[in-house]
Every structure is written in C-alpha cells, then in structure tokens.
Student: 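I'd like to ask some things about the structure below.
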Amino acid sequence: MQRIYADNSATTPVSERALSAMLPHFRESFGNPSAIYSYGQEAKKTLEGARRAVAKALGALGTEIYFTSGGTEADNWAIFGACESKRAKGRHIISTEIEHSAVLRSLDKMRNRGYEITLLRPDKNGQITPAQLEAAIRKDTVLVSVMTANNVVGTVLPIKELCAAAHKHRVIFHTDAVQAAGHIPINVRELGVDLLSISAHKFHGPKGAGALFAKLALKIEPQIVGGGQEKGYRSGTENIPGIAGMAAALTECAENMESNTARLTALRDTLIQNALKIPGVHLTGDAVDRLPGHASFVVEGGRDSAHLIKLLDEEGICASSGSACAASSKEAPHVLTALGYDAGASRGALRITLSHLNTEEEVISVCEALPRVIERFRRMKDPKIL
Ligand SMILES: Cc1ncc(COP(=O)(O)O)c(C=O)c1O
C-alpha cells in the first residue's frame, strides 16, 4: 500500500540538499572544529558557513546564532538563561497556555525555583492580543515567551506586535519559532525579538539539530558548560553534520518559500473545505492566520482520537491528533482545552499537516478517505484497538 505522510508538524524527511550537505562530514571531513590541524579547520569552516547561512535565513548576524541539539534545548536555554541573567530585576514570567511542553515544563522548573508564572489564555482561534499581554506585565516581569505558530492548531500569532508590547516595558521577548521557521517568513529584526528557537527536523533538516538566536546585546547565561564551544555559551563538540544539514535545509526553504506557500495553502484549503463538508467536523485554530500546510480539526462522536489515527493508518495515511510528544497520551491536548474545547472534543482531535512533497493526488486520497474513516471511528466500540 502506498503510504501518505501527512504529519509534517511532527517531523519531516531530510531533503536531498540537506543530506548532501551532511554526508561528507561523517567520514571524509569528520574533524573536530576545535582542532587546529586541517581536518579541524575544515570542520570549523563548515560550522561558520552554516552559522552565516542560518543567520541570513533569519535576518540575523552570525554572531547571534548558537547551535543546539534542537528546539527543546533552545527553548529551555532561552527561558533558564534569560531569567538567570535578569535575576536582579525580578521573578515573574509571562507565557501562554498553548506553548509546547518544551516551554511549559521549563516554566514549571522556574516555578519550583520561586518564579511566578502568568499563562495567558488565548481566544478560541489561539490568538493572544498585545493588550492582553500588556495587562499582565509587572515591574518584576523578566521574560515573555510566546510561540510564533502553534503546533496543534497551526495558528500564527502576532509576534511583532506582542514583542513591541513587551519592549514598551523593557521586558525580554522569546519566541518558539520551531513550527514557523522554514514555513513562513521569519526576520528577527522585523519581529524585534530578543530570543528565537528553531529546530532542523521541522523543515527537512536532520533530527537533533537546532539553534537559538540571541540578540547581540543580550547576554544569557549558558546552561551547558564544559569545553567552551559556541564562544563559551553552549559547550559540547558541535554536531557538524546536523548543523550543515540544518543550514542547507533552511536556505532551501527560504529560497522556495513563496512557491511552496502558494501551493501548500491551496492544498491545505482543499483539505479543509472537504473535511468540513462532513457533519460534526470542525476546524480548530485560526482560519486565516495559520501555517500554510496545517489543517486541524475536532471530529465529534468518537471515543479516542488514537482510534482515528489508527484507522487512517490502516488506509496508509499518517496523521496525528496534535503534538507528537503527546500522541500516546490519553490526556486531552492542553492546547484544545485552553481554546475552550471540552474533553469530548479533544477525543476527536485530528491534525493533518502537509509539506511541499505532498501531491494533489495524495490530498484528494485523504479527502476521499476521511468520510469513510470518520464513520468507522464513530462506530468504533472497542477501546483496545491499539
Ligand atoms: C512548537 C514546538 N516547540 C518545540 C518543539 C521541540 O523541538 P525538538 O523536537 O527539536 O526538540 C516542538 C516539536 O514538536 C514544537 O512543535
């Protein structure tokens, strides 16, 4: 059976260009970039070239890009590091109820360290307003962290405006751009953000590579210490193949963004329009301000969204209920709860996320399969399907 991969918010296949950029660094050019002989210097050249490429794609300076092991590490670092460096100012952080667990669990840790956390509740579409943010800012607020785009419902948030609201009160602004980078234009200067996290495997780069943009003027405390790599800010021998792959993938996404966005938006809208023809299927997230390839729904009348995912899998369609990390959890996705959906709605959460590799024929197949699968989902009695 031909498989249709439609869970690109969970991860994406590595592009040819990214793979070609990575391969030489496993065996031929395998040196440690800290070494002074030629192998090391070759690796160093690759590292710095990749840094410049990532910086260019984000509108940053090379000196503002720090490589990490992925989005989770970048998010953890932004939160812990910024708070530590602003210790003297206060102990209050503002974020949102719909952040990824990489942010929410970092905030839990800060709460345990005596910080107060205000989590803003978005509207039904997943939006937060600058006025809402400003109202929550206090004299002792040290950090605001709001995601650029939500992984579960695809909503794109007004980061430029939210950042301006934080800056009006001289508060550092971090955004988790893991779902956005490579998919919508990101320019750190235009957005005005101080800190921004990205992850390579979400844009056809390899898993285990990511980056944190930190504005030049901002000094955040290192969290991983050791050999002093990344100018002493993030120790550990650099993942040269991963970093080279990430730079190539991000550059490729930036080059093709306009055409990919136009095509993907059309495919996504076909998917959404067809799904919404099925009674009891509702779109989640913002209908307009949403990621180009992202379609998400709640399907009424089922027992457990895992059944829906399993039934789609039987038809060769790989989709998910929301966050990849929560796929095996029976808990109603916290994002849908924050958006005001009840536990019943969360039991029918469905996320179908496309990439430029998906064809029109694949989208038509998904549209054809959905009514059939949803009917079976609703008739499903056996909770032990998994
Ligand atoms: C919004 C968001 N932030 C952070 C992460 C974590 O990124 P990584 O898988 O690179 O650790 C993810 C991954 O699903 C995500 O969707």
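Indexing begins at 1, ligand by ligand and atom by atom, following the structure's order.
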Student: Numbering the atoms of ligand 1 from 1, which are under 4.0 Å from a heavy atom of Asp176?
Tutor: 1 (C), 2 (C), 3 (N), 4 (C)
Student: Show which atoms of ligand 1 fall inside a sub-4.0 Å distance from at least one heavy-atom site of Met147.
Tutor: 1 (C)
Student: Can a donor-acceptor pair be found between the side chains of Ser38 and Gln41 at a distance below 3.5 Å?
Tutor: no
Student: List ligand 1 atoms under 4.0 Å from Asp75, heavy atoms only on the residue side.
Tutor: 3 (N), 4 (C)
Student: Considering only distance and modelled atom types, tabulate donor-acceptor pairs under 3.5 Å from the side chains of residues 53-67, sequence neighbours left out.
Tutor:
| residue | atom | partner | partner atom | Å |
| --- | --- | --- | --- | --- |
| Glu64 | OE1 | Leu61 | N | 2.8 |
| Glu64 | OE1 | Arg189 | NH2 | 2.4 |
| Glu64 | OE2 | Arg189 | NH2 | 2.8 |
| Glu64 | OE2 | Leu216 | N | 3.0 |
| Tyr66 | OH | Lys231 | NZ | 3.4 |

Student: Does any donor atom in the side chain of Glu134 or His169 lie under 3.5 Å from an acceptor atom in the other side chain?
Tutor: yes
Student: Taking both backbone and side-chain atoms of Gly71, is any N or O found less than 3.5 Å from an N or O belonging to ligand 1?
Tutor: yes
Student: Working note: Lys45 + Glu42, criterion salt bridge (Lys or Arg N to Asp or Glu O under 4.0 Å); need CA distance, chi angles, decisive distance, verdict.
Tutor: CA-CA 5 Å; Lys45 206 169 148 205; Glu42 274 169 32; over 6 Å; no
Student: Taking atom types as modelled and ignoring hydrogens, do the side chains of Arg290 and Ser296 form a donor-acceptor contact shorter than 3.5 angstrom?
Tutor: yes
Student: When you look for heavy atoms under 4.0 Å from ligand 1, do you find them on the side chain of Glu73, its backbone, both, or neither?
Tutor: neither
Student: What are the atoms of ligand 1, with element, lying closer than 4.0 Å to any heavy atom of Thr72?
Tutor: 6 (C), 7 (O), 8 (P), 11 (O)
Student: What atoms of ligand 1 come within less than 4.0 Å of a heavy atom belonging to Ser199?
Tutor: 8 (P), 10 (O)
Student: Scan side-chain atoms only and decide if His294 and Asn150 contain a donor-acceptor pair under the 3.5 Å cut-off.
Tutor: no
Student: Which atoms of ligand 1 are found less than 4.0 Å from any heavy atom of His201?
Tutor: 8 (P), 9 (O), 10 (O)
Student: List ligand 1 atoms under 4.0 Å from Gly70, heavy atoms only on the residue side.
Tutor: 10 (O)
Student: Any chance the side chains of Asn76 and Ser106 put a donor and an acceptor closer than 3.5 Å?
Tutor: yes
Student: Please confirm whether Lys202 comes within less than 3.5 Å of ligand 1 when only nitrogen or oxygen atoms on both sides are compared.
Tutor: yes
Student: Please could you name the atoms of ligand 1 that Gln179 approaches to less than 4.0 Å, counting only its heavy atoms?
Tutor: 1 (C), 15 (C), 16 (O)
Student: Can you list every pair that meets ring pair (Phe, Tyr, Trp, His ring centres under 6.0 Å) and has a residue in residues 37-58, with sequence neighbours left out?
Tutor: Phe30-Tyr39
